[in-house]
Amino acid sequence: MFSKVIISFYFLILLFPLGCTNSNWENIDSNYDHLLNVIGIINLDEINDGTSESFIGVYRTTNLDEKSQIFVSVDTLGYEYYESENDKEGDEDGFWVIDSIFVPAALIDDAIVIITDEQGNSTTFSFVEFEYINFDTTLFDTSYFEFGGTIFTVIDTFDIDTTFSTRVNIYKDTSGQFIPIPNMNYKLSINAPDYDLVSGSLLTPEFPIINDSLVIDTLSFLNEYEVSWQNSNVKYGFFVEQILIESNIDYFSILEKWCYGYKSSVVELSENTHTVYPIYCDEHVSNIEPQTALIKLMAMDENYYDYFIRGASEDYTNITVPNTTKGRSSGIEGGFGFFGAIASDQILRPILP
Amino acid sequence: MKILLKIILFFISIFVFGENTSISGFVREKNTGEPISYANVFLSNKSFGSATNQDGYFVVSNVPFGNYELNASMIGFSVFKKNITVESDKPIRMEIFLKEEVLESSEVIVTAERQKFERTIESSQISLDLREINAAPAFIEPDVFRTLQMLPGVQTSSDLSSALYVRGSTPDQNLIMLDGIAIYNPFHLFGIFSTFNTDAIKEADFHAGGFPARYGGRMGAILNVINREGNIQEVRGSADISFISTKGLLEGPMPKFKGLKGSWMISGRRTWLDQLLNRAKIPNGSKNEDGTNQYYEFPYSFYDYQIKINLDVNPDHRLTYSRFYGDDVVSFSFSDNSQNQDGNTIITNKNKFDIEWPWGNKTNGLTWRWIYSPTVVAKTFFSNSRYRFDFDISILDRTTYNYTDSTTQYFQDIGYNIFDVIYDNTIESEILWKANENHDISSGIQLKNINFDLGIKFDFTDQDTSLVFNPLSLKNKTRETSIFLQDKWKINRKFNLQSGIRTTKYNLHNKIYLDPRLGLKYNFSENMAFKFNWGVYHQFLTTATNQDENLRIVELWLGIPKDKKASVSQHFIGGFEYLTNKNIFLRVETYNKTFDNLLTLKESPLDTENEDEDATDTTNTTNEFWDTKGNSQGIEFLVKKSSGRLNGWVGYTYSKTKYDNEISGSHFPGFDRTHTLNIVGNFMLTKTLQLSSSITQMSGNPYTNIIGRVTEWNQSVSEESRWFPYDKYLVGQKNSARYEDYFRLDMGITRKGGNLFGVEYDTNIQIMNLTRHFNVLTYQYRINRDLVTGDQLGVQRRAISMFPLIITLGVKVVF
């Protein structure tokens, strides 16, 4: 009987490989009517610091069999010299630096984008093409684009010289006429060929005003403190405390010792006060140089809050298919995305370890 | 209760006159003493007869004085005959034992099928005995749920689940009982098969819908699994080993002590693979603190045991105690110890990672059956049922610095725990009264207290900090107080009417719920009957389960909250049944079910930078529900042959179920299948060789397909605010696509009558998915990237299969 059991067990093992069925990866396509996908921000901070700008990004949904980027052209930036190891001393060699320019496949660059205030004043936002400064041949992935500032994440490149550059592919007010004001209703209209009209609306928040004199003069990393402000016309704000570390060779190791130096929370602006609690980490030490802390309070309009904070309740989740959405819209009709407004106030304080 | 009974009987006695009496008693198997349900008991020279109920009890009432020949018959047993004389109004009580008889021919005249056909008024009811449960080829072991999945009206979501989806109802809408005790999550092996050990089962009583007033608290189906009572003649046992588990069963009569009468049965099973691998002691590369090897341990096991004890205090009083205990356990532990030296300092580091995850059921039940008179039987039932799911992760990290003159230790302990515990305590009392030949009246009261405790706990401790965080804590204490009254009325030879009402008071709601039930049967002829059933069914609990997952490993139960309405369903069922003289049963049934106030779990909001969520934000949708309504319609065909060398059934279902809620609109639920065909057959090749086979062909079930991609944005608020895009898959309408059709052919061969040193044994081989058909469980997606540029070229998908070809062997030993 024992021998029968052993034979049976081997019998099972041998047959199991025959039982496994494989399937291959297959390309899939899709066929549906695309919608416009909008990121629209009216940034009232431009009034104060002149650097942040309101902008509208217009994209579309893409098919499953589409490339994410479209090759546009190449541009010769220059010639790079280097000293060859095998050459005699004084000999030089080099290579041409050629930039390959890609744009996201989803980009819509021929739309008519108009923002109108409640008094009927309209401003047409114009498409500003991609501008770049000083970089080598890099191939980048669409998913690392950002607006307002750019850090390129490089894939499969060599001898990288990563530089910051201003990056657009967005619609901006190039006339300088558009100056957003608080507590104002704005309407957005986007008319792109072959797409349904997309509209949006929002009410800009009033600036939150931090009571600077009521915040302690010097912060301590290990102690809590209070921040208070005056009322705003919107319900929610986003509070940030960020430790500003000078960019140098030790930047990341210093940042680690400050536990990455970033705290944020959503606050109800009607409460007029927020307690900032300390955070702990093993890396923090007490014998480091004091730094400067930025205390920032950003008021969000309803659309912005709804999109970035509240999020959406999805009706489909599955463990084998992460990152799904049915498409979200906040303040946008006829498409996806959001049209929101922000207004901030910020102060600086020294912070001790 | 005694006073109430006496009052009732007093009024009865006023109207009962004349010289007659009743004949009652039990019909049992001679060898084991097991009661036989649906046995036919009749007086051969008069038109008086009855059928035994699930307890094997029968009563033939209003028998006039005279001489009779009493007959009792049942398929597979020789006919019992006895001459009796009724000469006084004193009731006659009998114990009838039927001897098992091997059938010589396939011709059967009177069978259990005939009894069920004549006696039952409810539609959609089926009783499976052990032979039928074992009929279909099994996945490793026979399983009552997998057999039920092959009946019309019952669907399955995938091969990996034995949960029952019945006519548009999800598994949480079914009341699953073992000997009358509710069992929550009755599954082993992550839902692949049920906790019911078939060796211990006597029969399984299944109502797919339209069930009578004595059952309540659920909207879908009723399954009552009745365990065997135990052999009253001698001690017997059996053992079974399969690829997954070993099973054993022991049964026998109560010890002969002071006239004790009764029986007992104990059965149990356990996985053995974990024990085998653990004893093999295979080093895993890590060391203990003392330097000895650590070994691989198989992380999963399950076990269960059942006990049933019957004590006949006297011919009229019986006490029955039944207990079930079963657990699945995932247990994994890993530790790593290291030591190194830095100058004069010795640094010792110990890490430990543990997962401890038991889940399972524990039940206890005590039933007191009192035969007050031949026509009045009272049952009082106490039970408690506990389901526990407790997923626990702990991470310990210790670093000790041993200096020359001191020692310092740093530690970090993290614990994460998800748990769901249900305690169900029930008292119920039922009176069954055979008022006369035309009225069977039953009435009862049930008090059910349920405690729900569902939560998530996170704790963190180090040398400076200790915190405990409960992101989820849902506790509910609910009470359902129900009263029911039902009358089965034989209006005349053609018409039978079963009417009932069940009322329930739910403690969290300020109202009384009424559940009327109506069943009508028209006997068109001796072999053909038409049936109609209607009923309203309320349910006071739900589960927090993601409906989109094909793998429902566990269910997390909750009582319906105070601010939500009780879920309710209305059943309309109509059909006809036909039983041929050769015992072939044909049923055609159509149904329409409506659902209201179903609670569908809301998924969490998208990830945002909301690290410190505002506690006053009432718009947070985590762990809340969508109100959902639905409708299910269908038509079912069943042809069933229960006896003979070739037996089995063919079932076909056409059905359509739709749910509707605010976020998804009208959509098919994930388990909906339009067409389902099941063919199950058993053939006795020889007296010792049995061949079984089943074919299943079904429409693919729905899924939500990916139609495209869309960019969404995240924010980074700092000195300069930035917004980052990231790609997401864009999904189409919920469940608007269908997987490919499902097909599976299973076969099994059982050889009986083996004998080794006087020990009888059976062997079997089961082959699942013989044709290796690729049945899609789900799709997996990935981005196809250009290897040189890193560019996203498009999206690809790959199907993940359900069961491949699987062959299993089993051995059963009887002693």
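Below, chain A is the first sequence line, B the second, and so on; all start at residue 1.
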- Side chain, backbone, both or neither: which part of A/Leu294 has a heavy atom under 4.5 Å from chain B? side chain
- Select, from A/Leu244, A/Ile342, A/Asn63, the one with the greatest count of heavy-atom pairs under 4.5 Å involving chain B. A/Leu244
- Select one option (side chain, backbone, both, neither) describing which atoms of A/Phe239 are under 4.5 Å from chain B's heavy atoms. neither
- Query: Between the side chains of A/Thr325 and B/Glu712, is a donor N or O closer than 3.5 angstrom to an acceptor N or O?
  - Reply: yes
- Query: With a 4.0 Å cut-off, would you call B/Asp159 and B/Arg744 a salt bridge?
  - Reply: yes
- Item | Under 4.5 Å from any heavy atom of chain B - which part of A/Glu26 | both
- Query: For the ring pair B/Tyr779 and B/Tyr703, is the centre-to-centre distance below 6.0 Å?
  - Reply: yes
- Message: Does this structure show an ion pair linking B/Arg709 with A/Asp65, if we count only N-O contacts that are shorter than 4.0 Å?
- Response: no
- Query: Hey, which of B/Gln412, B/Gln796, B/His667 has the most heavy atom pairs under 4.5 Å with chain A?
  - Reply: B/Gln796
- Task: Would you mind checking if A/Glu302 and A/Arg310 are paired as a salt bridge, meaning a charged N to carboxylate O distance below 4.0 Å?
- Result: yes
- Looking only at A/Leu64, A/Ile41, A/Asn323, the option with the highest number of non-hydrogen pairs under 4.5 Å against chain B is A/Leu64
